[in-house]
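Working notes, beginning with the structure itself.
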Amino acid sequence: MEFSENKPIYIQIVDYFCGQILEKKWTPEDRIPSVRDIAVKMEVNPNTAMRAFHYLQEKEILFNQRGVGYFVEENAYQKVLELRRGEFIRDKLPVFFKEMRQLGFTCSELEKLYQEQLNES
Amino acid sequence: MAVRFWKLNQKSWLTGLFVAAGLIFSFWLLFGFYLFDPSGPAAAVNMTAMIEGPAMFFYLIGGLALTSMIFSEVHTSTRAHQFLTLPASTPEKFAAAWFVTSLAFTVFTMLAILVLSLVVELITAVRLWEWSQFSLFNPFSGKHLESIGNYFFYHSIFFLGAVYFRKNNFLNTVLVIIVFFIGMFILIGIGGLIIAYFMTTDLSLEVHLSELGDNLPGIIQQVFRVVVMVLLLFFSYLQLKNKQIA
Amino acid sequence: MVTIENLSFAFVKHQPLFVGLSLKLETGNTYGLFGLNGAGKTTLLNHISGMLFPAEGSCKILGTSSRKRTPEILSELFVLPEQFDLPPLTAMVYSDIHAPFYPRFDREYLFSTLQEMEVDSKKKLTDLSYGQRKKFLIAFALASNARLLLMDEPTNGLDIPSKSQFRKIMAAADHTGRCTVISTHQVRDLEAMIDNITVLNNGKIIFQQGVGAISDKLSFEKIPDGDNRFVLYAEEIFGGKSAIIPKKEGGKETQIDLELLFNGIIQKSDVINHQFGEA
């Protein structure tokens with residue numbers, strides 16, 4: 001994975017984990033790769049990778065079984081969804097709305113476009 | 001630690017040994033083997049005696065050259081870190097270097113000379129079919145023991161040179177020895193002249209001085225040499241202990 | 001792990017390189033040591049390893065003065081210089097001779113790492129390329145399990161795949177009992193490996209903070225022209241500025257722009273240090 005945007009690396013790792021859970025590649029009770037594996041894969045300091053695990057543990061998305069590893073929590077999907085929806089509203093929408101206004105789009109115009117794309121795919 | 005010195009220098013040291021042995025052997029082949037007629041006086045020539053002179057010479061020069069280079073690693077900025085940060089105490093590194101270049105080197109060289117002497121004697125004996133002359137090299141003979149003693153003394157000088165100088169340690173040490181002796185001669189000369197001048201006696205004093213040197217009891221001379229040796233080694237140790245990267 | 005107090009040093013009289021330099025390095029961290037050319041990064045590392053002696057002040061590893069070069073300290077220390085020569089031995093023989101000096105040396109790790117990095121352990125070290133030799137020494141350093149690793153420009157001379165291998169190996173290594181110092185210009189190669197930023201300038205350590213504290217206190221943002229927010233330090237870029245801004249409590253964390261931070265520290269160290277509650 002390439003690091004991008006202006007996000008700290010550990011947040012980018014968090015995003016990757018959340019992505020895996022939203023795509024249902026990781027399901028509850030799944031054991032996920034170790035801190036070391038992630039650090040190696042991402043070529044980052046293990047302490048950085050550790051922060052991502054801690055962050056998700058705090059949000060009750062992952063849980064740690066001492067000596068065994070990290071697992072996906074029962075209602076991780078729900079939690080991730082909430083988290084990401086919050087982020088979407090807070091971070092992405094303001095930018096999006098700003099551009100919408102700049103380009104003179106109305107909400108109904110957008111809804112039409114949205115439906116069109118949905119039908120295509 | 002001693003093993004490390006050996007492994008690091010194995011190749012060049014063995015090359016040196018074989019070149020020296022080869023030189024002596026071919027020298028012997030030329031003069032000892034071909035030039036003497038088997039039916040003539042060759043039978044009376046002690047072949048070992050022929051090789052031990054040059055062999056002891058190579059022992060001395062080779063040993064001092066090798067000693068001079070023992071700390072070359074420390075003086076090379078791209079290699080010094082390996083020696084300086086090697087987890088062994090300075091006394092241990094020092095002792096290993098001393099041991100390898102003096103004691104181990106001597107034992108090894110004596111064995112090599114012994115083998116060479118055996119080869120030379122065997123060839124001669126087989127050629128003449130005459131076994132009574134068989135006389136092997138004996139490193140414990142008085143003459144050789146004295147040479148070995150001398151080597152240990154010179155060794156301590158070159159050892160200090162090896163730690164002290166950054167490069168061309170052998171030549172630099174030789175140079176210092178020469179300068180030292182010239183200086184001594186001049187000092188003694190001037191001193192002698194001054195004393196002679198003040199005492200307005202003839203220059204016989206100088207003769208007395210040198211006679212005194214010659215007549216010093218052997219034991220005192222030996223003690224003096226050992227003291228100098230210990231001092232030189234102590235200075236070498238301090239030098240190594242305080243060695244910093246270039 | 002390392003405590004340097006009031007260190008002063010000069011190669012040439014009246015041209016001091018370090019003036020009363022103090023520095024503390026703790027176990028478990030990977031320090032990035034940064035400084036302009038000639039700031040004395042290598043010289044500082046040489047002081048830590050006891051290969052140079054301070055003119056004044058002290059430099060201690062685990063409480064013992066490093067200039068004493070005791071075997072106990074040296075077996076916990078491994079130095080990877082920028083330029084080095086190795087003896088004409090194979091990796092096998094080299095490690096046979098040197099491994100016994102390190103009580104926790106891990107041979108298996110060494111040879112599996114060499115294999116991973118595609119270093120031929122049957123070839124003489126002198127016949128290897130500069131990059132290969134560097135990889136060998138990096139593997140050896142990690143295999144020694146020494147608790148203090150000093151690496152001077154470790155990625156210099158490594159090709160692109162090797163740099164990535166290096167990062168992977170460093171990431172895989174266990175850092176809990178270890179303190180690593182990486183001195184480098186190659187900010188982009190190594191920024192993800194480092195969890196503490198230390199800057200050496202004008203003979204002193206002018207900045208030292210953990211990556212966590214930095215992203216806690218500072219925000220690195222691209223701000224458009226006309227945005228008149230208060231900036232600690234900024235550089236002109238196309239269409240605006242790349243800026244270091246004090247981070248608001250609870251605000252979003254941004255990725256540390258190490259180059260920008262370094263330039264900011266060199267030019268306005270007091271302003272930036274002020275954010276961390278230090279004069």
Side-chain angles (χ1 to χ4, degrees), chain A residues 1-18 32-59 64 66-67 69-70 83-99 101-102, chain C residues 26-32 113 116 155 160-176 178-180 182 188-197 210-216 218-224 242-245 247 250-258 260:
Chain A
M1 187 174 109
E2 271 297 304
F3 303 124
S4 54
E5 306 172 59
N6 197 20
K7 285 179 173 174
I9 296 167
Y10 87 94
I11 292 293
Q12 296 186 44
I13 296 174
V14 166
D15 286 352
Y16 168 74
F17 283 9
C18 291
I32 65 164
S34 68
V35 176
R36 188 173 175 271
D37 288 341
I38 294 293
V40 173
K41 198 171 166 203
M42 307 282 188
E43 298 178 8
V44 299
N45 187 305
N47 290 344
T48 309
M50 198 65 205
R51 278 186 84 187
F53 284 79
H54 279 314
Y55 180 86
L56 289 172
Q57 210 180 340
E58 248 171 58
K59 300 267 184 235
N64 184 13
R66 279 207 181 277
Y70 283 86
L83 197 74
R84 296 300 286 266
R85 283 176 75 103
E87 271 176 25
F88 183 77
I89 293 169
R90 204 174 58 234
D91 302 334
K92 301 248 168 77
L93 277 188
V95 182
F96 182 78
F97 286 152
K98 190 182 161 197
E99 207 161 341
R101 277 195 303 277
Q102 265 179 358
Chain C
E26 312 278 357
T27 304
N29 286 335
T30 304
Y31 292 86
T113 308
E116 211 173 300
T155 55
I160 291 164
S162 300
K163 281 179 183 173
S164 161
Q165 285 168 346
F166 171 69
R167 285 190 294 262
K168 282 195 195 309
I169 279 159
M170 287 299 288
D174 184 9
H175 291 281
T176 38
R178 196 178 265 161
C179 171
T180 310
I182 300 177
R188 293 200 188 281
D189 285 352
L190 294 166
E191 60 186 330
M193 305 310 312
I194 284 162
D195 56 19
N196 192 297
I197 290 161
V211 167
I214 295 171
S215 31
D216 232 27
L218 304 178
S219 179
F220 299 83
E221 294 177 34
K222 305 238 181 309
I223 54 177
S242 218
I244 308 178
I245 300 168
K247 185 176 156 281
K252 258 183 62 151
E253 280 186 28
T254 54
Q255 174 60 11
I256 297 172
D257 181 340
L258 211 46
L260 187 68

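Reckoned from all heavy atoms, side chains included, excluding hydrogens, waters and symmetry mates. Computed from a prediction, not measured in an experiment: that's the story for all the values here. In what follows, chains are A, B, ... by sequence order, proteins preceding strands, each numbered from 1.
If you check the side chains of A:T48 and A:N45, you find no donor sitting under 3.5 Å from an acceptor.
For C:K163, the salt bridge (Lys or Arg N to Asp or Glu O under 4.0 Å) test picks out C:D189, with sequence neighbours left out. Listed by chain and residue number, C:R229 satisfy the salt bridge (Lys or Arg N to Asp or Glu O under 4.0 Å) test with C:E221 (two or more places apart in sequence, or in another chain).
Heavy atoms closer than 4.5 Å to chain A are found in the backbone of C:I194, but not in its side chain. Within the 4.5 angstrom heavy-atom criterion, no atom of C:T176 approaches chain A. Only the side chain of A:D91 comes within contact range of chain C, with at least one heavy atom under 4.5 Å from a heavy atom of that chain. Only the side chain of C:S215 comes within contact range of chain A, with at least one heavy atom under 4.5 Å from a heavy atom of that chain.
Between A:P46 and C:A173 the shortest heavy-atom distance is CG-O, 4.1 Å.
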